[in-house]
There are 2 protein chains.
Amino acid sequence: MTHPNPVPVPTLRDVAEAAGVHTATASRALNPKTRQQISAETARRVMRAAQALGYQPNSAARSLKTARSSTVGLVIPDLTNPLFPPIVRGVESVLESDGYNVWIVNTDNDEERERAKIESLRSRQVEGLIIATARLEHPLLGQLHEQGVTMVLINRQVDNLRIPAVTGDDATGVAAAVRHLADLGHTRIAHLSGPLSTSTGRVRSRAFRHAVRDLGLPGDLMVECGHWSEADGAAAMRALLARTTDFTAVVAGNDPIALGCYDVFAERGLSCPHDVSVIGFNDMPFLDKLRPPLTTVAVPHHELGAEAARMLLNCIDEPDRAARSVLLPASLVVRGSTAAPRATVLPEP
Amino acid sequence: MTHPNPVPVPTLRDVAEAAGVHTATASRALNPKTRQQISAETARRVMRAAQALGYQPNSAARSLKTARSSTVGLVIPDLTNPLFPPIVRGVESVLESDGYNVWIVNTDNDEERERAKIESLRSRQVEGLIIATARLEHPLLGQLHEQGVTMVLINRQVDNLRIPAVTGDDATGVAAAVRHLADLGHTRIAHLSGPLSTSTGRVRSRAFRHAVRDLGLPGDLMVECGHWSEADGAAAMRALLARTTDFTAVVAGNDPIALGCYDVFAERGLSCPHDVSVIGFNDMPFLDKLRPPLTTVAVPHHELGAEAARMLLNCIDEPDRAARSVLLPASLVVRGSTAAPRATVLPEP
DNA sequence: TTGTATGCGTTATCAC
DNA sequence: GTGATAACGCATACAA
């Protein structure tokens with residue numbers, strides 16, 4: 001139940017009256033940037049009055065007047081995907097110390113939803129957008145760019161348009177994964193890629209092809225997952241097994257896909273890493289508690305968010321600066337899901 | 001880089017001019033609730049103009065005029081805690097279909113931060129607050145309530161004030177956990193509680209005491225964790241083992257605390273569930289992939305958020321309605337971390 | 001140092 | 001059915 005006598009929200013005018021000054025004076029006294037224009041005594045009186053009344057500036061009025069919202073929009077597919085909360089916190093950590101607030105929206109990877117959410121963000125006069133959805137087809141981005149919307153992309157490079165982006169160095173991460181397996185003695189390594197309609201799916205898939213080719217290994221062991229999910233990972237692994245059993249290691253497009261592999265191994269009585277090694281991607285929480293603990297590629301999600309936020313601030317401050325893209329290093333985290341293949345013939349010296 | 005010629009954002013005035021009508025008419029044409037007052041022909045013309053210009057209403061101006069923000073604030077401790085994303089999505093699923101938007105803030109369980117965040121929310125004229133932080137001491141809540149702030153609590157009951165709340169039925173969940181262990185033959189069951197400064201810590205701890213007492217089991221095997229974390233769970237388990245080894249099962253205050261137990265078992269060479277059974281709380285993602293898969297109490301987090309949102313809408317619509325509290329059922333999810341104790345003397349018939 | 005006046009973009013209340 | 005006008009709360013250019 002709300003309070004029986006809902007206190008009317010005090011305005012600047014109330015504060016001014018209580019302090020016996022004009023609203024303009026009160027406004028200056030309350031704003032740190034203009035407080036110096038005011039006598040210390042008056043400033044103190046105004047601030048006490050504001051405190052006493054529980055005054056909070058009406059941000060709608062302020063942004064209407066100043067044409068600034070001190071708000072940026074953060075567009076992600078789905079908060080329940082453990083990738084994104086660290087990114088969100090990274091963004092916030094930078095933006096909040098600069099006086100900005102962050103408005104988060106989920107798109108569920110639905111184009112219509114995404115459009116609607118971004119419209120609503122724009123109608124809120126956000127000063128910039130950080131977009132962390134990874135679909136490849138994206139007419140919307142082009143439109144926004146045309147309209148001069150300030151934005152930064154996370155985990156996605158758009159080739160055509162020059163939009164600043166910050167991404168994890170997926171290619172190096174995949175290469176490290178493949179090299180690790182090769183070093184262990186694996187020669188037939190499969191890749192269960194994410195959807196090739198996503199930029200990350202495409203980048204990692206291509207990196208895998210390059211990596212195996214560079215090592216002189218076969219590059220035909222590839223299956224595309226319909227989604228980045230455990231279920232689709234399992235389906236892809238079943239499809240691969242139906243085609244061939246002549247492989248000893250798998251590089252999964254992400255961690256849930258790797259978990260899908262675990263499920264199929266359990267079904268088929270295969271032992272990991274004994275029969276087959278698996279490497280995931282992203283280093284989700286609690287992977288070290290799995291059976292076996294999953295070897296994976298760690299992406300600095302928090303730092304991805306923080307760096308995107310810094311970039312966005314740059315873009316807001318210097319609208320004419322050329323777009324830059326930043327690549328953050330990914331690193332292999334070796335755990336228990338990778339080992340030497342069972343019947344390896346070690347390469348002759 | 002932003003567009004070289006940043007298009008000035010079109011206002012209602014621009015739309016009106018383009019359509020050859022007055023702004024008032026344009027406003028009426030664009031608002032579905034007033035569109036009927038306008039001739040169909042004019043309405044169409046205005047809407048086409050708006051479309052063509054890419055017009056988005058300025059929400060600051062609108063909420064200044066209407067004194068409504070169509071926004072509610074959602075206050076949580078930390079998005080990276082996997083408990084909260086489902087709650088957030090639950091809240092959003094209800095609120096968005098009602099035309100509201102949700103503003104999320106993280107408090108990191110810091111009182112000062114929480115106060116600042118809520119102030120910033122209020123200055124944004126949010127129409128209500130959903131608060132999902134679980135500290136027990138909370139002068140702030142009292143103040144907000146005094147000021148007539150509409151709010152709903154998640155996972156926390158405040159005794160004094162009559163503030164609506166929606167919580168999981170922790171007590172029943174804990175009781176089910178204890179009964180499950182007793183049914184397996186355990187007689188000496190320990191509890192590693194969360195911090196007793198949190199309402200959930202206190203509720204679950206008390207429920208545990210009641211449950212063991214009702215079964216005639218000893219109630220002295222309790223340790224309080226400093227935080228709801230894996231590290232603190234491990235510390236508590238070490239403390240318990242230093243005191244006694246005369247127990248065969250543990251009910252952890254939450255899942256990370258249970259994982260802390262796993263860590264200590266690994267250190268000491270104890271086998272779970274062979275030497276000791278463990279039950280967690282919350283049913284975080286991927287618990288089924290652990291070694292062993294963790295038996296836990298599932299709380300309907302999405303539904304918790306959805307129900308809180310429904311309640312908040314009620315409160316906004318009918319400010320004078322009495323506060324209600326809702327308890328959502330929790331359920332035991334039996335997995336591999338619980339089994340009969342090794343050397344059980346089964347009770348005589 | 002302080003007060004006066006104005007307008008941000010929108011909607012509500014008038015009058016026509 | 002449409003237009004004119006005012007006002008929401010605040011910040012700022014200008015006057016004093």
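Lettering follows sequence order; numbering is per chain, from 1. Here the structure is a predicted model, which means the values were calculated and not measured.
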Could you give the CZ-to-P distance, from B/R35 to D/dT2, as a whole number of Å? 14 Å
Is A/L12 touching bases, backbone alone, or none of the nucleic acid, heavy atoms closer than 4.0 Å? sugar-phosphate
Do A/Y100 and A/E92 have a side chain donor and acceptor closer than 3.5 Å? no
Between the side chains of B/E96 and B/R89, is the shortest nitrogen-to-carboxylate-oxygen separation below 4.0 Å, so that they form an ion pair? no
Is the shortest side-chain N/O distance from A/R62 to OP1 or OP2 of D/dC10 below 4.0 Å? no
Are A/R122 and A/E119 close enough, and set up right, to give a salt bridge (charged side-chain N to carboxylate O under 4.0 Å, His left out), and what steps lead you there? CA-CA 5 Å; A/R122 295 197 62 200; A/E119 270 181 8; over 6 Å; no
What integer distance in Å separates B/Q37:CD from C/dT13:P? 11 Å
Between A/T34 and B/K65, which residue's closest nucleotide on DNA chain D lies nearer the 5′ terminus? B/K65
From CZ of A/R68 across to P of C/dC8 the rounded distance in Å is 19 Å
Test side-chain contact (heavy atoms from CB on, under 4.5 Å) on B/R68 and B/S63 and set out the steps. CA-CA 5 Å; B/R68 296 198 47 217; B/S63 49; 5.7 Å; no
Rounding to a whole Å, what distance do you find between B/R13:CZ and D/dT5:P? 13 Å
Counting only non-hydrogen atoms, which of residues 19-29 of chain B are less than 4.0 Å from DNA chain C? B/A24, B/S27, B/R28
Would you say the side-chain atoms of B/S123 and A/R62 include a donor-acceptor pair closer than 3.5 Å? no
Rounded to the Å, how far apart are A/D14 CG and D/dC8 C1'? 14 Å
What I want to check is whether the side chains of A/T71 and B/R124 have a donor and an acceptor closer together than 3.5 Å. yes
Less than 4.0 angstrom between a side-chain N/O of A/T42 and OP1 or OP2 of C/dT2, yes or no? yes
Answer yes if the side chains of A/T42 and A/S39 hold a donor-acceptor pair under 3.5 Å, and no otherwise. yes
Would you indicate what B/I38 reaches in the nucleic acid, counting non-hydrogen atoms under 4.0 angstrom: base, sugar-phosphate, or nothing? sugar-phosphate
Taking atom P of D/dA7 as reference, at what distance in whole Å does atom CG of A/N58 sit? 18 Å
Between C/dT2 and A/S39, is there an OP1 or OP2 to side-chain N/O distance shorter than 4.0 Å? yes
Euclidean distance, atom CG of residue A/N31 to atom C1' of D/dA13 [Å, nearest integer]: 15 Å
Taking CG from B/L64 and C1' from D/dC10, how many angstroms apart are they, rounded to a whole number? 8 Å
The nucleotide from D/dT12, D/dC10, C/dT10 with an atom nearest the side chain of A/T11 is D/dC10
